[in-house]
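Starting from 1, each residue takes its place in the sequence as its number. Values below: every heavy atom of this structure, side chains too, minus hydrogens, waters and symmetry copies.
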Amino acid sequence: QVQLVESGGGLVQAGGSLRLSCAASGRTFSSGAMGWFRQAPGKEREFVASISQSGSITYYTHSVKDRFTISRDNARNTVFLQMNSLKPEDTAVYYCAARSTVMISTTPTGYNYWGQGTQVTVSS
């Protein structure tokens, strides 16, 4: 069992930056890939970024590539999402997710555990 707690969300102006953190508890954190998803009001949950168990492989949705960076610290059981050059369309609740296998996944159904989410609001 893995418990995930996100933090770092907030209100920021367009062009600004935020760094999200996801603290995990449970002995299986370091054994699986991790991901970030987001959900805006009235929209489906969408994939943002994923990182493999070792951290050597990352993948991003096209709209955030070159602006967001996913990373992980297995010794601290934490995964991060550095978000730069934020745009109003990035406004959403951001969720951290964990899966039991080492390779990345871009679909919500590929993940076994979810955090409660953290709100990110980007003003224009």
Side-chain angles (χ1 to χ4, degrees):
Q1 188 76 8
V2 176
Q3 293 78 42
L4 305 173
V5 179
E6 302 97 334
S7 61
L11 173 64
V12 64
Q13 289 188 332
S17 298
L18 284 174
R19 188 191 196 203
L20 305 184
S21 298
C22 174
S25 60
R27 61 182 175 86
T28 62
F29 170 82
S30 62
S31 65
M34 300 290 293
W36 286 97
F37 290 76
R38 65 187 180 187
Q39 188 166 17
K43 294 187 176 181
E44 292 187 352
R45 190 168 298 190
E46 67 168 346
F47 169 78
V48 176
S50 184
I51 187 166
S52 63
Q53 178 270 335
S54 68
S56 61
I57 299 173
T58 58
Y59 188 77
Y60 302 88
T61 191
H62 179 73
S63 63
V64 309
K65 191 172 174 57
D66 298 327
R67 297 190 298 123
F68 291 9
T69 302
I70 188 171
S71 60
R72 66 190 295 165
D73 184 339
N74 287 343
R76 295 169 54 193
N77 286 354
T78 304
V79 63
F80 305 96
L81 186 68
Q82 177 67 44
M83 305 186 296
N84 299 329
S85 302
L86 282 161
K87 304 176 181 180
E89 51 264 43
D90 295 318
T91 295
V93 176
Y94 283 70
Y95 297 91
C96 171
R99 66 194 309 246
S100 301
T101 57
V102 300
M103 289 306 297
I104 62 175
S105 173
T106 62
T107 61
T109 55
Y111 291 82
N112 307 97
Y113 308 101
W114 292 84
Q116 82 291 347
T118 185
Q119 177 70 48
V120 171
T121 303
V122 184
S123 63
S124 57

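Within the model, atoms CD1 of I51 and CZ of F80 stand 10.5 Å from one another, a figure rounded to the nearest 0.5 Å. Rounding to the nearest 0.5 Å gives a distance of 10.0 Å between CD of E89 and OG of S124. One finds the CG atom of N77 at 11.0 Å from the CD atom of Q3 (value rounded to the nearest 0.5 Å). Note that the CD atom of Q39 and the CD atom of Q119 stand 11.0 Å from one another [nearest 0.5 Å]. Atoms NZ and CZ, on K43 and R38 in that order, are 8.5 Å from each other to the nearest 0.5 Å. If you take CD1 on I57 and OH on Y59, they are separated by 13.0 Å, rounding to the nearest 0.5 Å.
Heavy-atom minimum distance, L4 versus A24: CD2-CB, 3.5 Å. Between Y113 and S100, the shortest heavy-atom contact is CE1-OG, 4.5 Å. Shown here for R99 and N112, the closest heavy-atom pair between the two residues is CA-OD1, 3.3 Å.
Residues R67 and M83 form no side-chain contact, since every pair of their non-hydrogen atoms from C-beta on lies 4.5 Å or further apart. Considering only heavy atoms from C-beta on, I104 comes within 4.5 Å of S52 through its side chain.
In this structure a side-chain-to-backbone donor-acceptor pair under 3.5 Å is missing from S56 to S54. Not one N or O on the side chain of E6 forms a donor-acceptor pair closer than 3.5 Å with the backbone of T118.
Sorted by first and then second residue, the ring-ring contact (aromatic ring centres under 6.0 Å, His included) pairs involving residues 83-112 (not counting sequence neighbours) are F37-Y111. Within the structure, disulfide bond (SG atoms under 2.5 Å apart) pairs that include any residue of residues 31-61 do not occur (at least two apart or interchain).
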Taking it one step at a time, do V93 and R45 satisfy side-chain contact (heavy atoms from CB on, under 4.5 Å)? CA-CA 9 Å; V93 176; R45 190 168 298 190; over 6 Å; no
So V79 and W36, side-chain contact (heavy atoms from CB on, under 4.5 Å) or not? Walk me through it. CA-CA 9 Å; V79 63; W36 286 97; 4.0 Å; yes
May I have the list of side-chain donor-acceptor pairs in residues 10-23 shorter than 3.5 Å, sequence neighbours left out?
| unit_1 | atom_1 | unit_2 | atom_2 | d |
| --- | --- | --- | --- | --- |
| S17 | OG | N84 | OD1 | 3.0 |

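Partner Y60 forms a side chain to side chain contact (heavy atoms under 4.5 Å, CB included) with one of V48, I70, T106 and no other, that one being I70.
Hydrophobic clustering (ILVMFWY, side-chain heavy atoms < 4.5 Å, transitive): M103 and F47 are in one cluster.
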